Structures are given as structure tokens and as C-alpha cells.
Amino acid sequence: MASRKSNKKTPAEADKYSVLLPTYNERENLPLIVWLLVKYFGESGYNYEIIVIDDGSPDGTLQIAEQLQKIYGKDKIVLRPRAKKLGLGTAYVHGIKHATGNFIIIMDADLSHHPKFIPQFIEKQKEGGYDLVSGTRYRGDGGVYGWDLRRKLISRGANFITQVLLRPGASDLTGSFRLYKKEVLERLVERCVSKGYVFQMEMIVRARQLGYTVGEVPISFVDRVYGESKLGGNEIVSFLKGLLTLFATT
Amino acid sequence: MLLVLLLVYFINHETERSSEYGAEEHSSPLISPNFFIMTKLLEWLLGVSLVAVAWGLVTFDLLGLQLPAVYKEVAWPMPVYLLVVFGCYSLATVGYRVAMFNDCEEAARELKAQIQEAKEDLKKKGLKM
């Protein structure tokens with residue numbers, strides 16, 4: 001009896017969450033995001049690992065990651081670097097191969113996605129048994145920080161057009177803060193061919209197409225504290241191209 | 001024949017999409033979606049052509065039903081009317097959502113404080129930047 005009491009707070013020990021962090025020149029942000037991940041996973045008690053996939057950053061991101069590994073341990077920080085910058089999709093494939101968790105969390109390493117939401121993602125997933133849980137900036141308490149009116153207008157307009165054309169059953173298609181069942185992510189990555197913003201959109205559209213269930217958690221998106229984020233004409237054109245491709249093929 | 005086939009798939013997809021807004025359950029389709037996947041483009045073409053046929057039937061009385069003249073008067077400007085309504089709806093929706101887009105000032109403040117805390121803690125743990 002007494003020994004069981006101490007077990008009270010460990011939730012579902014069988015589940016393990018692998019966080020994939022693709023990085024390129026994130027030496028400022030990487031220690032901070034790792035610190036936050038360790039903090040919130042530590043507080044919530046879920047079993048986890050952080051897989052850093054560095055694409056040969058010239059700024060020494062990998063050396064920082066090695067130091068973090070020494071601080072937090074090899075079981076928590078796993079380094080899977082690649083020699084040069086390759087696509088996001090292949091980074092996920094590469095990360096999944098080395099992931100030991102049965103759930104995968106993907107997020108940006110630039111601090112725009114706050115790890116405090118991860119426990120909410122996990123609860124949401126357990127609550128509905130969802131195949132994937134997506135963070136959303138467009139519903140409930142979700143939102144953004146650091147966007148001017150132009151950026152908001154483009155974002156909302158693009159989202160509206162996408163909702164009308166694709167009716168994807170998810171409110172935030174271009175966000176990349178998500179939790180997947182491992183086998184679901186494996187199957188989706190296999191099928192998705194797009195790049196950039198459109199890649200995230202294709203993932204969720206194909207998920208619906210394959211009949212997977214999607215849960216949503218409102219998140220606050222704090223735009224890059226260090227470094228700058230870009231949204232130029234090129235991004236918009238490639239977004240529209242991708243949207244039309246998905247419109248015609250899914 | 002082809003139209004009937006398309007209609008079956010359309011209905012199939014409608015049931016599949018019964019959850020409107022994201023987070024809900026996914027009901028099973030009547031027919032396996034892997035058998036034939038109707039793209040969104042085809043769905044739109046089908047929808048538009050159905051409306052166009054209905055509009056043509058009433059406006060030009062193609063079936064010779066001798067419909068009252070009122071029907072025709074209402075029907076013929078309908079496509080333009082629908083477009084205008086849809087345009088207004090779109091503008092209003094996007095405008096409202098832009099205005100209601102949350103500014104997460106609090107989240108930004110919290111993050112800045114945590115960054116400070118993290119930097120100090122990491123330095124203590126021996127991280128050299």
C-alpha cells in the first residue's frame with residue numbers, strides 16, 4: 001500500500017514523448033527551448049526525450065547541444081546531426097528513425113512555440129484518443145505576439161481562403177506545433193511532398209483524408225525573439241501554389 | 001450514369017466530413033475513401049454545375065414547366081447576387097477575425113522573464129555560450 005502512494009503522480013508510464021527539434025543556426029535559442037522543455041516535462045512528470053536534428057549550422061549550434069547533453073543527460077538530449085541543410089520533411093524522417101517514444105512532438109526551436117502547451121496537448125490527446133493534436137492560433141485563447149496589421153490580415157485572409165477551398169476540419173493549417181502518434185507521423189511524412197508552410201498544411205489535410213482524428217489546443221505564438229521572421233512576396237506565391245496543388249489533388 | 005457515380009462519392013465525402021470544426025470525432029464513410037478519392041476541385045466543379053443546371057432550368061424554363069414569371073425574375077440575377085453576398089460575408093469574416101486576433105502581450109512578457117531565468121540557471125549549470 002505504502003509503495004503505491006508514491007506512484008500516484010506518474011501518469012501512464014508506458015507513454016513516451018519524443019520532441020523533434022530541427023535546428024539551423026539556433027545557438028541562442030536552443031539552450032532556452034531545452035531549458036523550458038525540461039522544466040515543463042519535469043513538472044508534469046511525463047516521460048520524454050529531446051531529439052536535436054542540427055543541419056550543420058555554421059554558428060556552433062551543435063557544440064551548444066553537446067554541452068546541453070552533458071548537463072541534462074544522454075537519455076534526455078539525443079543528438080542526431082546531419083551534414084548539411086536538407087528539407088524539413090527529411091528532418092522528421094531522420095528524427096522518427098531515432099525516436100524511442102510512441103508519441104512525437106514537433107515544434108520550432110525559435111521560441112515561438114512555448115513548451116508550456118505540451119502538457120495540454122498530451123491531455124487533449126488522452127481525452128479523445130486523437131491521432132494528432134494541433135496547436136491553433138486561430139481559436140479560443142490562441143493568438144500571436146509581434147505581428148502588425150498587414151501580417152495579421154495576410155494570415156487571416158490566407159486561412160479563410162484555405163478553409164473555404166479545402167474544408168480541412170482544422171483551424172490552423174500552417175502552424176507547426178503538433179503532437180502525433182508515431183506511426184501516424186510516419187505514414188503522413190511518407191506521403192507529403194510539399195515544402196515550407198505548405199508542408200504543414202499538407203500534413204493535416206492528408207491526415208483528414210486518411211481518416212485520422214485531429215484535436216486542437218489554442219496556443220499563443222510569440223514571433224521570434226531572436227533573429228527575424230520573414231513573410232515576403234515569395235512566401236505568399238509559394239503558399240498559393242501549394243494551396244492550389246492541394247485543392248486539385250486531395 | 002457518371003453523374004450518379006459522382007453524386008455517390010460526393011455524399012460519401014459529406015458524411016466523412018460531418019465534423020465541422022476540427023476537434024470532433026470522425027464518422028466512418030459509406031464507401032472506403034481509398035477506392036476513389038474525390039478531390040476538392042471535383043467537389044467544387046460538381047457543386048457549381050449542379051447550381052448552374054438548376055439556375056438554367058428555372059431561368060430559361062428548359063423543362064417547359066410554364067413556371068410563373070416571378071420565378072424567372074428572381075432566378076436570373078441570382079448568381080451575381082450570391083457572389084456579392086459571399087464577397088460581403090468573406091470581407092466581414094476576415095475583418096472581424098483580424099480585429100479579434102488576440103495579441104498575446106502576457107505570453108511575451110512571461111517568455112521574456114523565463115528567458116532571463118533560464119540564462120541564469122544555465123550559466124550556473126556550466127553552459128558556456
Side-chain angles (χ1 to χ4, degrees), chain A residues 27-28 31-32 34-36 39 64 67-68 70-72 111 114 116 124 128 130 134 136-139 141-147 149 152-153 155-157 159-161 164-171 208-216 218 220-223 225 244 246-250, chain B residues 13-14 16-29 32-34 37-45 47 86 89-112 114-129:
Chain A
R27 59 167 292 147
E28 295 278 338
L32 304 172
V34 166
W35 187 86
L36 286 167
K39 174 182 158 76
I64 294 278
Q67 289 189 53
L68 289 165
K70 281 202 194 88
I71 295 171
Y72 292 112
L111 297 176
H114 200 297
K116 70 182 170 189
K124 185 80 193 180
Y130 297 110
S134 173
T136 176
R137 296 161 289 182
Y138 301 116
R139 287 178 77 186
D141 295 330
V144 292
Y145 174 80
W147 282 14
L149 193 63
K152 283 181 177 176
L153 190 65
S155 172
R156 280 298 198 184
N159 188 260
F160 180 81
I161 294 169
V164 169
L165 290 183
L166 300 181
R167 284 162 298 163
S171 60
R208 274 292 175 183
Q209 198 182 35
L210 294 172
Y212 291 126
T213 53
V214 179
E216 291 194 308
S220 54
F221 178 92
V222 178
D223 216 348
V225 179
L244 291 179
L246 288 178
F247 182 59
T249 58
T250 67
Chain B
H13 258 251
E14 281 304 315
E16 201 189 341
R17 216 186 308 108
S18 60
S19 60
E20 246 281 291
Y21 223 50
E24 290 89 325
E25 282 300 311
H26 206 79
S27 62
S28 63
S32 161
N34 296 330
I37 291 169
M38 180 138 165
T39 66
K40 290 288 183 286
L41 177 64
L42 283 177
E43 285 180 19
W44 272 82
L45 288 178
F86 178 70
Y89 166 75
S90 304
L91 285 179
T93 307
V94 172
Y96 178 76
R97 288 178 178 171
V98 169
M100 290 292 120
F101 215 158
N102 284 333
D103 276 310
C104 306
E105 305 280 347
E106 185 48 49
R109 259 195 303 277
E110 182 194 14
L111 180 62
K112 285 216 175 88
Q114 285 181 330
I115 286 173
Q116 227 26 63
E117 199 191 330
K119 277 181 174 166
E120 280 157 28
D121 189 50
L122 285 165
K123 200 184 272 177
K124 246 185 280 169
K125 289 192 161 87
L127 183 83
K128 287 183 282 289
M129 292 293 276

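Residue numbers begin at 1 in each chain, while the letters A, B, ... track the order of the sequences. Keep in mind that what you see is a predicted model, and the values were worked out from it rather than measured.
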Heavy-atom pairs under 4.5 Å with chain B, option from A:Leu246, A:Asp141, A:Asn159, A:Val164 with the top count: A:Val164
Carboxylate-amine/guanidinium contact B:Glu120 B:Lys123, below 4.0 Å: no
Flag side-chain contact, heavy atom, 4.5 Å: B:Glu106 against A:Tyr145: no
Proximity breakdown for A:Leu36 and chain B, heavy-atom pairs closer than 4.5 Å: side chain
Ring centres under 6.0 angstrom apart (A:Tyr212, A:Tyr130): no
Approximate separation, where rounding is to 0.5 Å, of B:Glu43 CD and A:Leu166 CG: 10.0 Å
When A:Leu244, A:Leu165, A:Val144 are compared by non-hydrogen pairs under 4.5 Å with chain B, the top option: A:Val144
Side chain, backbone, both or neither of B:Tyr96 within contact of chain A (heavy atoms, under 4.5 Å): neither
Proximity breakdown for A:Lys39 and chain B, heavy-atom pairs closer than 4.5 Å: side chain
Which portion of A:Val34 sits near chain B, non-hydrogen atoms under 4.5 angstrom: neither
Structural part of A:Ser134 lying under 4.5 Å from a heavy atom of chain B: neither
Residue pair B:Gln114 / A:His114, side-chain donor-acceptor N/O under 3.5 Å: yes
Heavy-atom pair with the smallest gap, counting every atom of A:Gly142 and A:Pro218: N-CB, 3.4 Å
Heavy-atom contact with chain B under 4.5 Å, split by part of A:Ile64: both
